[in-house]
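Index from 1, following the sequence. We use all heavy atoms of the structure for the numbers below, so side chains are in, but hydrogens, waters and symmetry mates are not. Bear in mind the structure is a predicted one, so any value in this text is a computation, not a measurement.
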Amino acid sequence: MKDKKVLFLVQAAAIAAIYVVLTIVFAPLSFGEVQVRFAEALTILPFFTPAAIPGLFIGCMLGNFFGGAIPVDIIFGSLATLLAAFLTYQLRFNKWLAPLPPILANTLVVPFVLFYGYGVNLPIPFMMLTVGIGEVLSCGVLGMIVLLALARYQGVLFSNHLNEQV
């Protein structure tokens, strides 16, 4: 039992750390009304392990914080990622649906944060389009590449008994 908890914490921490690093390294593309956040490719990880749920949430929160985001972005952007991660885990029985929750959550939440939090003076539907395109690229395309690559090593990288915890 203790080994399962340690493995869960290690996986969550590793996912959070990778998310933060990818967000900061690619900061010019990770923020703004037109964004392709490469770290969002990791949002398919709840397909493999529930440890990705807190890992992605904390990683997004820290990535936004260290990337210079305002508090409303840190809070609501991270909550969108938390919701998306939870829903991705719920859809784990169909790999083709895994990227949909993060695409939808961020397409719906981020434009409002940009408009009301940052004062970006563009129409919200237009920003939904631009953010949505970035999410399709990062989650739909890159995320599926990551998912298909990791699926070959699922038993090695992600212990199946963790899926029984949530």
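Side-chain contact between Pro101 and Phe86: absent, with no pair of heavy atoms (C-beta onward) separated by less than 4.5 Å. Inter-residue side-chain proximity for Leu56 and Leu42 is flagged as met; some heavy-atom pair is nearer than 4.5 Å. Residues Leu45 and Leu150 have side chains in contact (heavy-atom distance under 4.5 Å, counting atoms from C-beta outward). Counting heavy atoms from C-beta outward, Tyr116 and Ile124 have side chains that approach closer than 4.5 Å. Using a 4.5 Å heavy-atom cutoff, the side chains of Leu148 and Lys95 are in contact. Taking 4.5 Å as the limit, some side-chain heavy atom of Tyr19 sits within range of a side-chain heavy atom of Cys60. Side-chain contact between Phe57 and Leu79 is present, with heavy atoms from C-beta onward closer than 4.5 Å.
Annotation: the span from Thr43 atom OG1 to Asn106 atom CG amounts to 8.0 Å, rounded to 0.5 Å. The CG atom of Leu22 lies 10.0 Å from the CG atom of Leu142; values are rounded to the nearest 0.5 Å. With rounding to the nearest 0.5 angstrom, the CZ atom of Arg37 is 4.5 Å from the OG1 atom of Thr23. Met128 CE to Leu114 CG: the interatomic distance, rounded to the nearest 0.5 Å, is 11.0 Å.
Phe48 and Leu9 are assigned to two separate hydrophobic clusters, defined by single-linkage of ILVMFWY side chains at heavy-atom distances under 4.5 Å. Cluster membership for Phe93 and Trp96, using ILVMFWY side-chain heavy atoms within less than 4.5 angstrom, is not shared. Hydrophobic clustering, with ILVMFWY side chains joined whenever heavy atoms are under 4.5 angstrom apart, keeps Ile133 apart from Val136. Under a hydrophobic clustering in which Ile, Leu, Val, Met, Phe, Trp and Tyr are joined whenever their side-chain heavy atoms come within less than 4.5 Å, directly or via other members, Leu62 and Leu82 fall into the same cluster. Note: the hydrophobic cluster containing Leu83 does not contain Leu91 (ILVMFWY, side chain heavy atoms under 4.5 Å, direct or indirect links).
Thr88 places a side-chain N or O within 3.5 Å of a backbone atom of Ala98 that can act as its donor or acceptor partner. Judged purely by atom type and a 3.5 angstrom limit, Arg92 uses its side chain to pair as donor or acceptor with the backbone of Tyr89. Checked by atom type and distance alone, the side chain of Tyr118 pairs as donor or acceptor with a backbone atom of Ile70 at under 3.5 Å.
In terms of heavy atoms, Asn64 sits closest to Asp73 at ND2-O, 3.5 Å. Between Pro102 and Cys139, the closest heavy-atom pair is CB-SG, 3.8 Å. Nearest heavy-atom pair, Gly134 versus Val36, reported as atom, atom and distance to 0.1 Å: CA-CG2, 4.0 Å. Ile74 and Ala69 get closest at one heavy-atom pair: CD1-O, 3.6 Å. Residues Ile24 and Gly67 share a closest heavy-atom pair of CD1-N, 3.6 Å. Considering all non-hydrogen atoms of both residues, Pro50 and Pro54 come closest at O-CD, 3.3 Å.
Tested against Thr107, the residues Ile103, Val110, Val109 include a single side-chain contact (heavy atoms from CB on, under 4.5 Å) partner, Ile103.
The number of heavy-atom neighbours closer than 6.0 Å to CG of Asn94, taken from other residues, nucleotides and ligands shown, is above 12.
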- Task: Carefully, step by step, assess Leu7 and Asp3 under the rule side chain to side chain contact (heavy atoms under 4.5 Å, CB included).
- Result: CA-CA 6 Å; Leu7 182 60; Asp3 289 343; over 6 Å; no
